[in-house]
Number of protein chains: 2
Amino acid sequence: MLQTADKPTSKREGLRRETLALILATAERIFAEHGFKGATMQAIADEAKLPKANLHYYFPTKQALYRQVVERIFNIWLDAAESFDTEASPEDALGTYIRKKMEISRSHPYGSKVWANEVIHGAPIIHDYLETTLTEWTESRIEVIERWMAEGLIDAVDPRHLLYMIWSTTQHYADFSHQITTLNGGVPFDDAQWAQATECVTNIILKGIGVRRGVPS
Amino acid sequence: MLQTADKPTSKREGLRRETLALILATAERIFAEHGFKGATMQAIADEAKLPKANLHYYFPTKQALYRQVVERIFNIWLDAAESFDTEASPEDALGTYIRKKMEISRSHPYGSKVWANEVIHGAPIIHDYLETTLTEWTESRIEVIERWMAEGLIDAVDPRHLLYMIWSTTQHYADFSHQITTLNGGVPFDDAQWAQATECVTNIILKGIGVRRGVPS
DNA sequence: AATTCTTTTGACCAACTGGTCAGGTTGACG
DNA sequence: CGTCAACCTGACCAGTTGGTCAAAAGAATT
């Protein structure tokens, strides 16, 4: 583990990092559970076992805290987006991407919910991301998908709708987890169920767009 | 149009009905745009051009108003659920159901958003619906889908995941309309785009589960 | 040990919001 | 026309909440 030589992580800096992480993680959960307006600084402070004034020391306003939470989530989304390999075969590129998104739904359910909330309410905070990064990424992948279509590797489908289907289906398992748990007898998915869900979603989508599968490279 | 004979809709009754409808429609929009906590009675009153106290005359509390909004939405959902004909072929039953759900996403975007919001936040109000009506309906349709599988009309897939996919994909067009509009150049879908989206979603899902299509009955 | 900078915290405040209420208005009905 | 019940509404109130602040506590540096 290298460390920037002139910054040997003082006790202060370490604590600061820890506190920041604690606040952000707690805020993410509370925002996910109650929405932006429904979440109170007091509730976040209580859950993090910090005095409310301490939160305002690190984040001047509720909006600033919220914004950081959303930015963290966007980076996770970007990470998954990277796994959509434009060089790979449709099966590999889409399969990997879908699996990655399912993993995120499992590992970051709160983040996903915050993101969903934000978009449902008209994306007042993240509108710029949608117009810049998301639009660019989407267009680059549309090109790839259209190339696959031209090469006869998949059926002719509107790439946008394919992407929407992947987004909605995978995120559904995080955003609507309460509904899914209820229909699962009140018990959250276990490992096997997550694996099965991932496989099932991947299979239906890939088959649905006529991907030739299992073709050795 | 028949009318209950002994109730010739007095001026008062008519106005009452109109006011109730106005409040509910306005509330649905405001709740969709700001969430339960973010929506204020004052905002709903202003949008409906009524004094706030008048809202409280018709609905004693904010919760009561919200509950009615959610119940209305649930009835629309039930209406679509009915269109899942257990007697029809997989292609007809699922195709009709998907199309109906897409229509609802277009005609009731606010309702869909309120519902999504509610489920994301743990369904504090509608939990009973999920456990009773939704569970029963889901199980009845799972049986039908399993019958189709046994008869070789569709591939072997977990019926639950198929239903989740239909729900998430169709509702995505309502709940995430802001994202979709942004990726559509800032312009909402027109008639042709809605038709194309519906066709595309239907095709991918039906093909994805190996439905034999266009088979004459 | 003294000094300086960062961090922590309880007490406080102004703005907002759900809900109330008393009094006024309007339609129904004899 | 008079009476009554349903309906409407401005003014008000109590509880909540985001944010402030001054003072205390703690770390870093000399």
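Labels below follow one simple rule: chain letters A, B, ... track the order of the sequence lines, proteins then strands, and each chain is numbered from 1. None of these values were measured; they are calculated from a predicted model. All values below come from the heavy atoms of this structure, side chains included, with hydrogens, waters and symmetry mates left out.
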Rounded to whole Å, please give me the gap between NE2 in A:His56 and P in C:dC13.
17 Å

Comparing A:Thr40 and A:Ala53 on DNA chain D - which has the more 5′ nearest nucleotide:
A:Thr40

Nearest non-hydrogen partners of A:Gln193 and A:Asn184, listed with the distance:
NE2-OD1, 3.0 Å

Please check the phosphate of D:dC7 (OP1 and OP2 only) for any side-chain N or O of B:Tyr58 closer than 4.0 Å.
no

Please tell me if B:Lys37 has a side-chain N or O lying less than 4.0 Å from either OP1 or OP2 of D:dT17.
yes

Thinking salt bridges, do A:Asp191 and A:Arg106 make one under a 4.0 Å N-O criterion?
yes

Passing option when B:Trp77 is tested against B:Trp137, B:Tyr129, B:Tyr97 for ring pair (Phe, Tyr, Trp, His ring centres under 6.0 Å):
B:Trp137

Is there a donor and acceptor pair closer than 3.5 Å between the side chain of B:Lys52 and the base of C:dG18?
yes

In whole angstroms, the gap separating P of D:dC8 from CZ of B:Phe59 amounts to 12 Å

Whole-Å gap separating P (D:dG18) and CG (A:Asn54)
16 Å

Given atom CG of A:Leu55 and atom C1' of D:dC21, what is their separation to the nearest angstrom?
17 Å

Would you say A:Gln196 has more than 12 foreign heavy atoms packed within less than 6.0 Å of its CD?
yes

Quick one: on DNA chain C, does B:Pro60 or B:Leu15 contact a more 5' nucleotide (nearest heavy atom)?
B:Pro60

Just call it for A:Ala45: base, sugar-phosphate, or nothing, with non-hydrogen atoms closer than 4.0 Å on any strand.
nothing

Short side-chain N/O contact from A:Tyr57 to OP1 or OP2 of C:dT7, under 4.0 Å:
yes

Please classify the nucleic acid contact of B:Ala64 as base, sugar-phosphate, or nothing, using heavy-atom distances under 4.0 Å.
nothing

Just checking A:Gln63: does its CD atom have more than 12 heavy atoms from other residues, nucleotides or ligands closer to it than 6.0 angstrom?
no

Between P of D:dT9 and NZ of B:Lys49, the distance in whole Å:
14 Å

Taking CD1 from A:Ile23 and P from C:dT9, how many angstroms apart are they, rounded to a whole number?
11 Å

Between C:dC16 atom P and A:Gln42 atom CD, what is the distance in whole Å?
20 Å

When the distance from CG of A:Leu50 to C1' of C:dT8 is rounded to whole Å, what number comes out?
10 Å

OP1 or OP2 of C:dT7 under 4.0 Å from side-chain N/O of A:Arg16
yes

